[in-house]
Q: 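Before anything else, here's the structure in question.
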Number of protein chains: 4
Amino acid sequence: MSVTSSQPRRPHSGSRRDEAARLAVLHAADDLLAEHGFGALTVEAIARRAGVAKQTIYRWWPSKVEILLDTLIEDSTKSLPVPTDKPTAESIRGYLRRFARFLTRDPAGKVLLALIAEAQHDPETAKSLHKRYLDPRRQQERDMLARAIEAGEVSPGLGPDATIDALVGPIVYRALTGASIPRGLVDTLVEDLLRPRSD
Amino acid sequence: MSVTSSQPRRPHSGSRRDEAARLAVLHAADDLLAEHGFGALTVEAIARRAGVAKQTIYRWWPSKVEILLDTLIEDSTKSLPVPTDKPTAESIRGYLRRFARFLTRDPAGKVLLALIAEAQHDPETAKSLHKRYLDPRRQQERDMLARAIEAGEVSPGLGPDATIDALVGPIVYRALTGASIPRGLVDTLVEDLLRPRSD
Amino acid sequence: MSVTSSQPRRPHSGSRRDEAARLAVLHAADDLLAEHGFGALTVEAIARRAGVAKQTIYRWWPSKVEILLDTLIEDSTKSLPVPTDKPTAESIRGYLRRFARFLTRDPAGKVLLALIAEAQHDPETAKSLHKRYLDPRRQQERDMLARAIEAGEVSPGLGPDATIDALVGPIVYRALTGASIPRGLVDTLVEDLLRPRSD
Amino acid sequence: MSVTSSQPRRPHSGSRRDEAARLAVLHAADDLLAEHGFGALTVEAIARRAGVAKQTIYRWWPSKVEILLDTLIEDSTKSLPVPTDKPTAESIRGYLRRFARFLTRDPAGKVLLALIAEAQHDPETAKSLHKRYLDPRRQQERDMLARAIEAGEVSPGLGPDATIDALVGPIVYRALTGASIPRGLVDTLVEDLLRPRSD
DNA sequence: AGGTAAACGAGACGGTACGTCCAGTCTTCGG
DNA sequence: CCGAAGACTGGACGTACCGTCTCGTTTACCT
């Protein structure tokens, strides 16, 4: 018997998790958020759009927040990596610019804003968002900052977390209030907060 | 003697808007948000708690967002006025500290966070929030800043709105992520962003 | 403008129960049972068919069994009254014949069979069926029988309930098993069970 | 009968139908019906209880009705045989008494009631119930009756099926309505219906 | 002083989404 | 090839709120 029908033609798999369904749900959630806003983001709508039964969603995700977290983590790992190579002020500025762009342009950025918003309404969301997204990312950002300080590139007047919040906060806040994020804002933040007067 | 009846004992009024009902709704909304979180803040629950018919709410407020805006405006006018008297760096720092305290301690601060959150989900909320709260307050903040600049007290490296966002953003962001706002953060923000290096 | 629109034009009433909705539900349930069988008799289908919201059903009926009981009581009061006037063997025979006809021909008869069936699956149904239908009707039947005995028309060899069950049981059983109920069966039951040999 | 292999030590057999699984399903169905009523009798629950995969059930039984029919046939063959030996009125009365006892006491009797009930809801069940249980049994009962008539033991005023229904109907009906079946009822039915007035 | 109009509480209504449960089908994997 | 395991679509369940509506009652204003 030869190699016949080696292409993976399977309507849906069976005893193992259906990867196609997983992706369909993730994309459906993303698309609905982008196209019709958070109000349209119901589990029923996701299921409808993904061509999947509601139960399949509830089997794998405890809530729609976790779906969004999945898409956010996947997307932001790809399109918004924290720099690990050159610990320079320049690379930090680049990261913040990409972050600003991510929040205002990339659909995945809307997902983060939506999750921050949802976290205000629901403590469970707050916990998940921290544990699965904010905290790990913050750790990487702290590393980035620590290496830049060690290299003598920057010397902030605040502790690591406060410094990062001072940089990131204005960007997030403007995104949340629908304002654009001008290049000069990021530059000035980096300039004023990472290189204080006294040297 | 006897008839005292100075207390407003009227089962319900008649042909004019019932002020007692208005206050009952506002307080019910506030209380529910504080006690049981945003999830419990349904129109039905507000009506139940306020001892008011649902229709009475819909008659006067187009949505529960407007209820929250009413409470927010009332409360933040009282407990968080924008300084108008002395245009000094010190008074700006004081304002920011009170703002930080408002967001993290005052129940009314939670209302602002909830509205910023809701604005991510619903454009109508975003519009109302800007028009009725953020924009007017921002105008006062711009005035405060302009007078301080004119008085030579501060000289920020950014335009007015960007400067204010750079100060306010970190505070809001930390509040949104459930972090405390240390005194040093506000001080350093004011120091670094309002009195940049002289060159 | 005169007496115009004295006819009761009201789309739906408001604060009082909507009689039109009540009837729509009852008829929808009846129709669905008749047209598509018990399997199609879901609350959702009834709501759909009646043009009524599901909640309107749950507001007034604790279960679909109670809906069926309502239709059954209403219908069988009309089309299958227990004779109250002439306490003769003939009137009893007539009643049994109408009962047989009701079970096999009248759509409302199917409702009774369905409820007897459902009572086997669910004790709550059994309780309701007895309390609201079987018991009151049985009381009337006992009265009918007692008066006939008193009048010397009949003299059964069994107690009242056993006698009635001996008459009614075969009819119900044949209906349940999809058999027809020949005239002679009813006649012979009356003959053999109500007028025993010894006199 | 050879090796008997009385200890049932086989985890599961392999290529032939697993008798242990078959029995486990049958008993699980019986037990669930007896313990938790018809409502608990879902295919999933049977599979769970029997320690068997759902598919194993669907492979061998087209529906849960057929499972119940299997148990019913097996049980009622054992505990409720139709008399074949002595064609007397007495043996018929004995059979009816055992039948009454079967319906009200034996768990397997509940299975028959449940199947009669289910047949009202689903035509497929009605067909199966007749074909596999009611019709064959009825044939035996007709034989029993015919032999008794031929022997001059009884002389009913009705045709065979009507006669049997007149005897069985009251018993089934009382069982369906949760009533007890007094000894005198069976006696009187036999007396009045099988030995009518001599004229 | 009486009549009218508005606001009130109450709550029924048609809807939409929730999260759960089961039916019946399908696929994988081990024996 | 059988059976255990279990993922999958589909659809009904009963609940919670939504925003709209109508009822009957209660004032306040305006003739």
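Proteins come first, then strands; the chains are lettered A, B, ... in the order of their sequence lines, and each starts at number 1.
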Q: Tell me whether the rings of A:Phe38 and B:His121 are parallel (<30°), tilted (30 to 60°) or perpendicular (>60°).
A: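 Rings of A:Phe38 and B:His121: parallel, under 30°.
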
Q: Of all the heavy-atom pairs spanning C:Leu68 and C:Val111, show the shortest one and how long it is.
A: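 That would be O-CG1, 3.6 Å.
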
Q: Report the distance from atom CG of C:Leu23 to atom OG1 of C:Thr71, rounding to the nearest 0.5 Å.
A: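 Rounded to the nearest 0.5 Å, the CG-OG1 separation comes out at 12.0 Å.
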
Q: Can you check whether D:Ile57 reaches D:Lys64 side chain to side chain, under 4.5 Å on heavy atoms?
A: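 No, side chains not in contact.
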
Q: Identify, between C:Ala50 and D:Pro62, the residue whose nearest nucleotide on DNA chain E lies closer to the 5' end.
A: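 With C:Ala50 and D:Pro62 compared, the 5'-side residue is C:Ala50.
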
Q: Distance check needed: F:dA7 C1' versus D:Tyr58 OH, whole Å only.
A: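 To the nearest whole Å, that distance equals 15 Å.
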
Q: Would you kindly give the CZ-to-P distance between C:Arg17 and E:dG14, to the nearest whole Å?
A: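 Going from C:Arg17 (CZ) to E:dG14 (P), I get 12 Å.
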
Q: For F:dC8, does OP1 or OP2 lie under 4.0 Å from any side-chain N or O of A:Arg59?
A: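 Looking at the OP1 and OP2 atoms of F:dC8, one of them is under 4.0 Å from a side-chain N or O of A:Arg59.
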
Q: If I take atom CD1 in residue A:Ile57 and atom C1' in nucleotide E:dA17, what distance separates them, rounded to the nearest angstrom?
A: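 Going from A:Ile57 (CD1) to E:dA17 (C1'), I get 13 Å.
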
Q: What about C:Gln55, does its side chain sit under 3.5 Å from the base of E:dC13 through a donor-acceptor pair?
A: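 Per atom types, no contact qualifies.
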
Q: Any chance you could measure C:Ile46, atom CD1, to C:Glu44, atom CD, to the nearest 0.5 Å?
A: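 It comes to 10.5 Å.
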
Q: Can you find a donor-acceptor pair, distance only, under 3.5 Å between A:Lys54 side chain and F:dG10 base?
A: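 Result: no qualifying N/O pair found.
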
Q: Does anything in residues 38-48 of chain D reach DNA chain E, meaning a heavy atom under 4.0 Å, and if so which residues?
A: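 Per residue number, the list reads D:Thr42, D:Val43, D:Glu44.
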
Q: Considering just the side-chain nitrogens and oxygens of A:Trp60, establish if one lies under 4.0 Å of OP1 or OP2 belonging to F:dC8.
A: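 Looking at the OP1 and OP2 atoms of F:dC8, one of them is under 4.0 Å from a side-chain N or O of A:Trp60.
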
Q: Is there a side-chain polar atom (N or O) of A:Thr56 under 4.0 Å from OP1 or OP2 of F:dA7?
A: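 For F:dA7, neither OP1 nor OP2 has a side-chain N or O of A:Thr56 closer than 4.0 Å.
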
Q: Considering only F:dA7, F:dG10, E:dA12, which nucleotide approaches the side chain of A:Asp18 most closely?
A: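 Per side-chain heavy atoms of A:Asp18, the pick is F:dA7.
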
Q: Find which nucleotide of DNA chain F each of B:Lys64 and D:Gly51 is nearest to by heavy atoms, and output the residue with the more 5' nucleotide.
A: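 Closest to the 5' end, via its nearest nucleotide, is D:Gly51.
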
Q: Contact list please: residues 111-125 of chain D against DNA chain E, heavy atoms, distance less than 4.0 Å, in numerical order.
A: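 Within residues 111-125 of chain D, no residue comes under 4.0 Å of DNA chain E.
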
Q: State, yes or no, whether a side-chain contact exists between A:Trp60 and A:Arg17 at a heavy-atom distance under 4.5 Å.
A: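 Of all side-chain heavy-atom pairs linking A:Arg17 with A:Trp60, at least one is under 4.5 Å.
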
Q: Is any side-chain heavy atom of B:Tyr133 closer than 4.5 Å to a side-chain heavy atom of B:Leu115?
A: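 No, every pair of side-chain atoms sits at 4.5 Å or beyond.
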
Q: Just how far is it from atom CZ of D:Arg49 to atom CD of D:Glu35, taken to the nearest 0.5 Å?
A: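 CD of D:Glu35 is found 4.0 Å from CZ of D:Arg49.
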
Q: Keeping C:His130 on the side-chain end and C:Ala126 on the backbone end, is there a donor-acceptor pair under 3.5 Å?
A: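 Indeed, once roles are kept as given, a pair shorter than 3.5 Å links the two residues.
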
Q: Just wondering, are more than 12 heavy atoms of other shown residues or ligands nearer than 6.0 Å to CD in B:Glu124?
A: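 Not buried by this count: 12 neighbours or fewer within 6.0 Å.
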
Q: Would you kindly compare C:Val52 and B:Ala53 by the position of their nearest DNA chain E nucleotide and give the one closer to the 5′ end?
A: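 By nearest-heavy-atom nucleotide position, the 5'-most residue is B:Ala53.
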
Q: Which nucleotide, F:dC8, E:dC8, E:dC29, lies nearest any side-chain atom of B:Ala21?
A: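 Out of F:dC8, E:dC8, E:dC29, the nucleotide with an atom closest to B:Ala21's side chain is E:dC8.
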
Q: F:dC8 P sits how many Å from A:Glu19 CD, rounded?
A: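 Taking CD of A:Glu19 and P of F:dC8, I get 11 Å after rounding.
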
Q: Checking all strands, does C:Trp61 fall into the base, sugar-phosphate, or nothing category for heavy-atom contacts under 4.0 angstrom?
A: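 C:Trp61: no heavy atom of the nucleic acid under 4.0 Å.
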
